[in-house]
S.K.: 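A single structure is presented below for examination.
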Amino acid sequence: MTDRTSELAENLARVEARIAAACTAAGRAREEVTLVVVTKTYPASDVRILHGLGVRNVAENRDQDAAPKAAACADLDLTWHFVGQLQTNKVRSVVGYADVVQSVDRLKLVSALSVAAEKEGRELGCLLQVALDAESGERGDRGGVAPDGIEELAAAVDAAPGLRLGGLMTVAPLAGPYAGRQRAAFDRLMDLSTALRATRPAANMVSAGMSADLEEAVAAGATHVRVGTAVLGVRPKLG
Ligand SMILES: *Cc1c(COP(=O)(O)O)cnc(C)c1O
């Protein structure tokens, strides 16, 4: 094993143990939670090592970095998630490698993704990113639709060829009433998911929790946690 391989193996084992303990504490089966490793700012060689260690879900937040990385790893059976704010002029590129876009937060993006997915002849999974601190009709500072905009966006994805509504995603707010209250934020996301699933039972993915707060997300009922730093190390400032 190279040094980097053993470092990643150790980090991954620690994160696995945290997820398993959180599942046990919440009375949930470990299989209910999927680990998505956020590989942003780290090289394709790390993605390859992670694949060798059993990781099958990876996430990126910038198309410029993600596109060449995904191309370099095209021989690996990986599910690529896009989790960053997405400009419509990057959509075509992203749809070329992403299996799931977790950051769908406006109608214009839904139509652009639909056109691109149709052109590629494939079905793209979409999660609606919810900004729990956004006012009605607005978007969050780091992207995301306000809770009262979910229904309109969900209906648009339902009607869009090439797209499949997978569920909801959030990033715990840094400001506003949920600042520092991750568990309350994730409970709120679960309530919104319950409402969404009342009419769309298949849209059952709930993506919440990162390195610092994955336990709170698992306790609240998240199906996907997105972990970067705790697996790969502290990123150089940028990502
Ligand atoms: C970077 C990122 C993560 C991972 O954050 P860590 O704190 O490094 O685990 C999760 N979700 C999104 C949307 C991100 O951009």
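Just follow the structure's listing: the first ligand is 1, and inside any ligand the first atom is 1.
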S.K.: Mark yes or no for whether R56, through its side chain, and H51, through its backbone, hold a donor-acceptor pair below 3.5 Å.
M.R.: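 Looks like yes, one N/O pair under 3.5 Å.
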S.K.: Which atoms of ligand 1 have any heavy atom of T229 under 4.0 Å away?
M.R.: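 Close to T229: 6 (P), 7 (O), 8 (O), 9 (O).
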S.K.: Examine the proximity of ligand 1 to Q102 and report which part, side chain or backbone, both or neither, has a heavy atom under 4.0 Å away.
M.R.: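 Under 4.0 Å from ligand 1, Q102 contributes no heavy atoms.
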S.K.: Looking only at side-chain N and O atoms, does S103 offer a donor or acceptor that is under 3.5 Å from a partner on Q129?
M.R.: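 No pair is found: no donor N or O on one side chain lies under 3.5 Å from an acceptor on the other.
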S.K.: Using a 4.0 Å heavy-atom cut-off, say whether V38 meets ligand 1 through its side chain, its backbone, both or neither.
M.R.: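 Near ligand 1, V38 shows its side chain, while the N, CA, C and O stay back.
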S.K.: Thinking salt bridges, do R48 and D75 make one under a 4.0 Å N-O criterion?
M.R.: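 Yes, charged N to carboxylate O under 4.0 Å.
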S.K.: For residues L232 and R4, report the shortest heavy-atom separation together with the two atoms involved.
M.R.: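 Scanning both residues, the minimum pair turns out to be O-NH2, 3.2 Å.
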S.K.: Is it true that the side chains of Y97 and D63 contain a donor and an acceptor less than 3.5 Å apart?
M.R.: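 Side chains of Y97 and D63: pair found under 3.5 Å.
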S.K.: Less than 3.5 Å between some nitrogen or oxygen of G228 and one of ligand 1, yes or no?
M.R.: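 Yes: some nitrogen or oxygen of G228 is under 3.5 Å from one in ligand 1.
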S.K.: Please verify whether a non-hydrogen atom of R235 lies at under 4.0 Å from ligand 1.
M.R.: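 Within the 4.0 Å threshold, so yes.
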S.K.: Determine, considering heavy atoms only, which of R226, M210, K40 sits nearest to atom 2 (C) of ligand 1.
M.R.: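 Checking each option, the heavy atom nearest atom 2 (C) of ligand 1 is found in K40.
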S.K.: With heavy-atom distances below 4.0 Å as the criterion, list the atoms of ligand 1 near V227.
M.R.: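 Numbered from 1, ligand 1 contributes 9 (O).
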S.K.: Will you find, in the side chains of D99 and T79, an N or O donor that is under 3.5 Å from an N or O acceptor?
M.R.: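 No, because no side-chain N or O of D99 sits under 3.5 Å from a partner of the opposite role on T79.
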